[in-house]
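Below, chain A is the first sequence line, B the second, and so on; all start at residue 1.
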Amino acid sequence: MDINRFTKVSDTAWRLEPQGAMRVPAVIYADEALLADMDDKVAEQASNVAMLPGIVQASYAMPDAHWGYGFPIGGVAAFDAEQGGVVSAGGVGFDVSCGVRTLLTGLDHRAIEAVQPRLADALFAGIPAGLGSTGQIHLRDQQMTDMLRGGAAWAVERSFGQPEDLERIEERGQMAGADPEAVSQQARKRQRNEMGTLGSGNHYLEVQHITRVFDPDVAAAFGLAEGQVVVSIHCGSRGLGHQIGTEFLREMAIAAQGHGIDLPDRELACAPIHSEIGQRYLGAMRAAINCALANRQILTHLAREVFAEVLPDANLRLLYDVSHNTCKTERHVVDGRDRELYVHRKGATRAFGPGHPDLPEALRGVGQPVLIGGSMGTASYILVGTNEGERLSFNSACHGAGRAMSRHQATRQWRGRALVDELAARGILIRSPSLRGVAGEAPGAYKDVSRVVQASHDAGLARLVARVEPMVCIKG
DNA sequence: ATGTAC
């Protein structure tokens, strides 16, 4: 990307002034090298998003942004329903409410080393992973409806986890406004046997140890210390979210014309928030959020069962669970006015700062944990939200390393077996049903996550708290 | 990301 196209706002913020049909500027957060390496498509797509009706303040791209369907992955855009604002299925993404949760274990990394292969095998046996993977849970239609309304709270009621887990989940584990009736039979059918499964691609369950603390005070408040072990789960709403995304993209593409919305790119299919289809999408999307929250909750229960077996001293307590593919109704101050906005985050993590009323009491004073999953075999990071993040990006930060090349390209360039062996030699045990899948997730196919989080930190989107590195990775 | 396509 030619960085001379941008107005340089700071070392980590670059602005494209509105031109043509753009209603607001497009802003990319990245350091100069990340920006230069970024695909031209990111600027083009962020500019296209800036043309949509009712967009507020600016269209944003995070430091890990890359080309996506319509909206860039790593994109953030907020819309005001009272100003003709829209909701877009492509602005959320196919994997609705894909996200990360991190659990404290109370264990030191030496405790893992003693049982590492056994733990890896037991987790692999206990955690269904891979494309089309199914679990032990089979939902009848009424149970599906209850799950779509109840989210993680539904899972806890069914003894998957503990009531105190809910405190540490976005929306307290249950997204309000879900409309199970708006979820098609086909979406329900696809999900019937997929609760408590990881899925494929970049999804994983990792046992990690903390290798660096950047902010001792916040780390202490989060319960993190160097040498300690945590478990992180990265996955989403599986087939159900994908089916909802597919159906509404199609329907919105047709509906946009009827609503008189002139799309710069047909992939930006959207509908007015105040429209029948807009409301129906929001209801279905919120039901998919509950599906993802329930899924991560069940996976947590499965992980606890394995740890109880292999490392009975472990006490897996939830630090936090946060999504990075959503459209959420939030209040933000824009132009000095407190407004209700529909914030699309597609590959961007919500990052509320200290004092935010939606945070649980135990975290309110310090801010929201911002959980950033790295690529396979590399570090992941825990950050904390800031208050300046509100005016910078509606409280949003990066979501991961961000792809540097396509899966297809990666599978031609790397061999899964060789990657697994190389990582094992470095003390990182990978277990996956698909060596081809592993090749597609080669660390070299991703940007450097440490640069991405540093840019997020420098830009003020979120602040670095701790780095973790993998010991065991169950890969989808 | 995903029963890699109606």
Side-chain angles (χ1 to χ4, degrees), chain A residues 45 64-75 88-100 128-135 138-139 144 183-205 233-251 253-254 267 269 284-285 287-289 291-293 295-296 299 323-327 344-349 373-376 398-412 432-442 445-446 474-476:
Chain A
Q45 292 192 317
D64 52 337
H66 56 104
W67 174 85
Y69 187 92
F71 286 57
I73 294 165
S88 170
V92 172
F94 285 94
D95 191 4
V96 179
S97 200
C98 182
V100 180
L131 189 64
S133 52
T134 55
H138 312 286
L139 297 186
M144 178 71 67
V183 177
S184 71
Q185 282 305 318
Q186 184 62 13
R188 289 162 175 261
K189 184 180 165 196
R190 285 183 65 171
Q191 195 57 33
R192 201 161 52 193
N193 303 318
E194 288 194 346
M195 295 309 296
T197 66
L198 269 181
S200 64
N202 62 358
H203 291 168
Y204 59 75
L205 181 146
I233 299 170
H234 176 208
C235 67
S237 53
R238 306 287 287 105
L240 181 132
H242 189 268
Q243 185 66 27
I244 290 170
T246 304
E247 291 170 6
F248 277 93
L249 273 171
R250 194 185 303 137
E251 207 182 332
I254 298 162
E267 291 188 359
M285 190 265 316
I289 290 178
C291 176
L293 298 180
N295 193 32
R296 290 197 286 273
L299 286 164
S323 301
H324 47 238
N325 285 358
T326 57
C327 176
H344 294 65
R345 296 187 181 90
K346 180 185 187 179
T349 309
S375 50
M376 183 184 62
C398 61
H399 84 304
R403 276 208 167 266
M405 69 174 73
S406 70
R407 286 210 171 82
H408 182 70
Q409 224 174 332
T411 49
R412 281 186 312 187
S432 172
S434 166
L435 284 172
R436 177 180 284 270
V438 167
E441 295 299 314
Y446 281 83
I474 309 305
K475 193 75 188 159

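- Counting to the nearest Å, the P atom of B:dT2 and the OH atom of A:Y69 are 18 Å from each other.
- Sorted by residue number, the members of residues 398-411 of chain A with any non-hydrogen atom under 4.0 Å from DNA chain B read A:R407.
- Look at NE2 on A:H242: it is 11 Å from P on B:dA1, rounded to the nearest Å.
- In this structure, CD of A:Q243 is placed 14 Å from C1' of B:dT4, rounded to the nearest angstrom.
- Heavy atoms of A:Q186 sit under 4.0 angstrom from at least one base atom.
- Side-chain contact between A:C291 and A:M195: present, with at least one pair of heavy atoms (C-beta onward) separated by less than 4.5 Å.
- Rounded to whole angstrom, the span from the CG atom of A:N295 across to the P atom of B:dA1 amounts to 15 Å.
- Computed from coordinates, the A:K475 NZ to B:dA1 P distance equals 8 Å when rounded to whole Å.
- Every pair passing salt bridge (charged side-chain N to carboxylate O under 4.0 Å, His left out) that includes a residue from residues 233-244 of chain A is listed here, sequence neighbours excluded: A:E194-A:R238.
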May I have the list of side-chain donor-acceptor pairs in residues 403-410 of chain A shorter than 3.5 Å, sequence neighbours left out?
residue: A:R403; atom: NH1; partner: A:M405; partner atom: O; Å: 3.0
residue: A:R403; atom: NH1; partner: A:G440; partner atom: O; Å: 3.4
residue: A:R403; atom: NH2; partner: A:G440; partner atom: O; Å: 2.8
residue: A:R403; atom: NH2; partner: A:E441; partner atom: OE2; Å: 2.9
residue: A:S406; atom: OG; partner: A:Q409; partner atom: N; Å: 3.0
residue: A:R407; atom: NE; partner: A:E441; partner atom: OE2; Å: 3.3

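- Map A:R436 and A:N202 each onto its nearest nucleotide of DNA chain B; the residue landing nearer the 5' end is A:N202.
- Taking A:R192 as the reference, nothing meets the salt bridge (charged side-chain N to carboxylate O under 4.0 Å, His left out) condition, with sequence neighbours excluded.
- For A:Q191, there are no side chain to side chain donor-acceptor pair (under 3.5 Å) partners, not counting sequence neighbours.
- Going from atom CZ of A:F248 over to atom P of B:dT2 covers 20 Å, rounded to whole Å.
- When the ring pair (Phe, Tyr, Trp, His ring centres under 6.0 Å) test is applied to A:H203, the partners found at least two apart in sequence or on another chain are A:H234.
- Close to B:dT2, at under 4.0 Å from its OP1 or OP2, lies a side-chain N or O of A:R238.
- When the C1' atom of B:dT2 is taken as reference, atom CZ of A:R250 falls 14 Å away, rounded to whole Å.
- Following rounding to the nearest Å, A:L249 (CG) and B:dA1 (P) show an atom-to-atom distance of 17 Å.
- A close approach under 4.0 Å does not occur between any side-chain nitrogen or oxygen of A:T246 and OP1 or OP2 of B:dT2.
- Ring geometry for A:H399 versus A:H324: interplanar angle over 60°, hence perpendicular rather than tilted (30 to 60°).
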